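If you're wondering where the values come from, they're calculated on a predicted model, not measured in any experiment.
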Amino acid sequence: MTSQDPNIIEPVSTPITSNQPSDSQHFDRSSSNDLSSNDLSLAIANFDSLSLEVATLVDTALLAQPTLPPIKLAYYKSSNEDFIVNEIMAVDFSDEGEHLWLHIQKSGMNTAYIAKLLAEWADIPLRDVGYSGLKDRHALTTQWFSLRIPKKQLPATDFAPSDLGDNETVEIIDQRWHNKKLNRGAHRANEFVITLRDIEFANDLQVTANHQLVEQQLKTIMSTGVPNYFGPQRFGRHASNIREALRLFAQPIEKDKPSGKKSKRKRVPREQHTMALSAARSVIFNEILNARVVDGSWNTGLAGEVFNLDGSGSIFSSEQLDDTLQARLDSGDIHPTAVMWGVNNDKVAGPAAQLETEVVQKSALLTVLATGLEHHEIKAQRRALRLPIEALSWQWLDEQSLVLRFSLTTGSFATSVLASLTQVLKTA
């Protein structure tokens with residue numbers, strides 16, 4: 001069993017080898033890495049036609065659901081207080097050391113901007129400010145930050161930015177000293193409190209009957225989980241991250257200069273390209289998961305599957321599905337996975353591997369993105385297809401307003417839960 005984090009992009013120095021089928025006229029999986037940068041540039045040259053496919057593939061409302069959601073239309077984020085996110089992280093603070101940890105509640109601002117304000121306030125480099133994950137701007141959120149304060153010399157004034165907008169607030173609600181910096185991905189989960197308003201139901205029934213259908217769906221997903229799709233925010237406004245990936249893949253790749261001694265260091269993508277590369281992998285994953293939902297295997301597994309151990313990054317392969325594995329799947333102990341595309345995708349086999357390849361083969365855009373990721377030597381990883389929901393509860397505020405409270409593991413999206421309930425989700 002191996003452990004990996006599918007939210008971290010990891011480049012490798014060796015090309016992929018594959019024994020998967022490659023008879024598609026669109027995409028020869030076994031030889032895609034032999035395409036030159038010029039060939040890839042030619043494939044991307046027809047940018048207008050690819051852009052049409054981009055618009056379709058990043059529309060997460062078109063992704064398949066196991067059952068038809070009982071809500072036809074709902075609005076969320078009517079105010080920041082209607083979308084609350086609380087970071088869940090257990091820390092055994094040392095109460096010593098040079099890292100000041102601040103528990104901050106913010107509204108109307110993103111995490112990176114708060115980090116910038118904290119660095120300016122403490123007069124320290126931005127690199128000395130740590131946080132675990134990015135929290136939504138259009139939300140009321142709480143999360144920890146850490147500041148490296150040499151000799152514990154705190155600023156003379158309190159942290160109180162004066163140039164905030166009308167809908168922007170920030171407040172320190174707790175602080176502790178610790179001997180370690182807060183690193184990315186350190187928190188276990190996020191708690192969400194989301195209010196859906198102006199709900200239109202999918203069925204022409206009495207209010208009580210419609211409420212019962214919604215509640216039955218909520219009880220179902222408590223047991224089964226939901227498809228673990230990436231949310232639309234991963235792709236950027238107007239799919240800007242995917243379009244940036246296409247521009248990146250059209251450029252020649254700078255080769256490492258040869259040296260007398262082979263370096264063991266791995267080449268890391270530049271920070272400005274990380275979101276583009278992540279978005280490219282995410283849209284491929286979503287389409288593979290979409291195919292698995294359509295054929296009903298998203299939560300049952302296939303022969304040759306790679307499984308994820310619930311609540312961890314550990315994965316293992318199995319050529320066949322036996323009764324023991326099926327029982328573990330049914331109990332939620334393990335989950336089927338799909339590839340976060342890259343080189344060395346050698347753990348999956350059989351029908352599971354064939355499905356992943358065929359999904360990419362059928363799309364010109366996915367073919368270009370997959371080839372570009374391989375040219376950039378991004379290492380393949382696995383992500384669970386099924387997203388368990390923890391501590392799910394709900395309350396009707398009135399006939400057309402519903403408050404949901406639940407927790408999700410780090411790296412998953414609340415919109416995946418909302419998509420299982422409502423066919424169309426709009427911001428107010």
Side-chain angles (χ1 to χ4, degrees), residues 1-12 14-22 27 29-30 32-33 66 185 224-230 278 280-361 366 369-370 373-374 377-388 409-412 416:
M1 183 177 293
T2 59
S3 180
Q4 45 111 62
D5 183 347
N7 297 301
I8 297 176
I9 296 176
E10 185 177 353
V12 298
T14 55
I16 188 169
T17 58
S18 174
N19 57 4
Q20 298 174 7
S22 58
F27 183 61
R29 180 67 185 83
S30 63
S32 64
N33 229 24
T224 64
V226 297
N228 193 19
Y229 289 120
F230 285 96
S278 294
R281 304 171 92 198
S282 300
V283 74
I284 296 173
F285 174 91
N286 273 5
E287 288 304 304
I288 294 172
L289 174 51
N290 180 78
R292 296 287 297 262
V293 172
V294 169
D295 73 12
S297 68
W298 71 281
N299 60 353
T300 61
L302 292 170
E305 190 79 69
V306 179
F307 295 99
N308 163 243
L309 183 62
D310 184 57
S312 77
S314 298
I315 57 174
F316 66 93
S317 305
S318 178
E319 294 183 2
Q320 299 296 330
L321 281 174
D322 56 24
D323 292 342
T324 300
L325 284 177
Q326 194 61 58
R328 295 182 69 185
L329 276 168
D330 294 342
S331 70
D333 179 49
I334 59 174
H335 309 290
T337 68
V339 64
M340 295 293 290
W341 202 275
V343 300
N344 294 351
N345 183 27
D346 53 4
K347 293 180 175 62
V348 66
Q354 184 175 356
L355 182 146
E356 293 182 356
T357 301
E358 289 177 350
V359 167
V360 173
Q361 290 173 346
L366 298 187
L369 295 176
L373 288 165
E374 293 180 5
E377 298 181 350
I378 303 302
K379 184 179 179 180
Q381 294 172 298
R382 309 296 298 185
R383 175 180 168 93
L385 296 176
R386 179 167 58 185
L387 174 60
T409 54
T410 303
S412 49
S416 294

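- We find that R292 and E305 are joined by a salt bridge, their nearest charged nitrogen and carboxylate oxygen being less than 4.0 Å apart.
- Environment of CD in Q326: crowded, with over 12 heavy atoms of neighbouring residues, nucleotides or ligands closer than 6.0 Å.
- Environment of CG in D323: sparse, with no more than 12 heavy atoms of neighbouring residues, nucleotides or ligands closer than 6.0 Å.
- Summarising the geometry of P388 relative to D310, their closest heavy-atom pair is CG-OD1, 3.5 Å, with the distance given to 0.1 Å.
- Residues T337 and V348 fail the side-chain proximity criterion, which asks for heavy atoms closer than 4.5 Å.
- The nearest pair of heavy atoms linking G301 to P336 is N-CG, 3.8 Å.
- Of the possible donor and acceptor atoms, one in the side chain of R386 sits under 3.5 Å from a partner among the backbone N and O of L329.
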Inset, instruction - Under the side chain to side chain contact (heavy atoms under 4.5 Å, CB included) rule, what do L373 and I284 come out as? Steps first, then yes or no, please. - result: CA-CA 11 Å; L373 288 165; I284 296 173; 4.1 Å; yes
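- Looking only at atom types and distance, the side chain of S297 has a donor-acceptor partner in the side chain of D295 under 3.5 Å away.
- Side chain of N228 to main chain of A384: a donor-acceptor pair is present (N/O by atom type, distance under 3.5 Å, no hydrogens or angles).
- The CG atom of D330 sits 8.5 Å away from atom CG of N299, with the distance rounded to the nearest 0.5 Å.
- Counting all heavy atoms, side chain and backbone alike, P227 lies closest to S416 at O-CB, 3.6 Å.
- Minimum interatomic distance between S318 and Q320 (heavy atoms only, all atoms of both residues): OG-O, 2.6 Å.
- Remark: S282 OG to L289 CG distance equals 12.0 Å, nearest 0.5 Å.
- For the pair R383 and F230, the distance from NZ or CZ to the six-membered ring centre is under 6.0 Å and the angle to the ring normal is within 45 degrees.
- In this structure, the side chain of N308 engages the main chain of S312 through a donor-acceptor pair within 3.5 Å.
- Side-chain atoms of R328 do not come within 3.5 Å of backbone N or O of I334 as any donor-acceptor pair.
- In this structure, the side chains of L385 and V293 stay at 4.5 Å or more apart for every pair of heavy atoms.
- Between W298 and P66, the closest side-chain pair of non-hydrogen atoms falls below 4.5 Å.
- A distance-only check finds no donor-acceptor pair linking the side chain of N345 to the backbone of V339 [under 3.5 Å].
- For the pair L366/V283, a side-chain contact is recorded, criterion being any heavy-atom separation below 4.5 Å from C-beta on.
- Counting heavy atoms from C-beta on, the side chains of K379 and M340 never come closer than 4.5 Å.
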Inset, instruction - Carefully, step by step, assess L325 and F316 under the rule side chain to side chain contact (heavy atoms under 4.5 Å, CB included). - result: CA-CA 11 Å; L325 284 177; F316 66 93; 3.8 Å; yes
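- With respect to E356 and K347, no salt bridge is recorded, no charged nitrogen being found less than 4.0 Å from a carboxylate O.
- By the 4.5 Å heavy-atom criterion applied to side chains, V360 and W341 are counted as neighbours.
- Here the shortest heavy-atom pairing between L302 and A352 reads CD1-CA, 4.0 Å.
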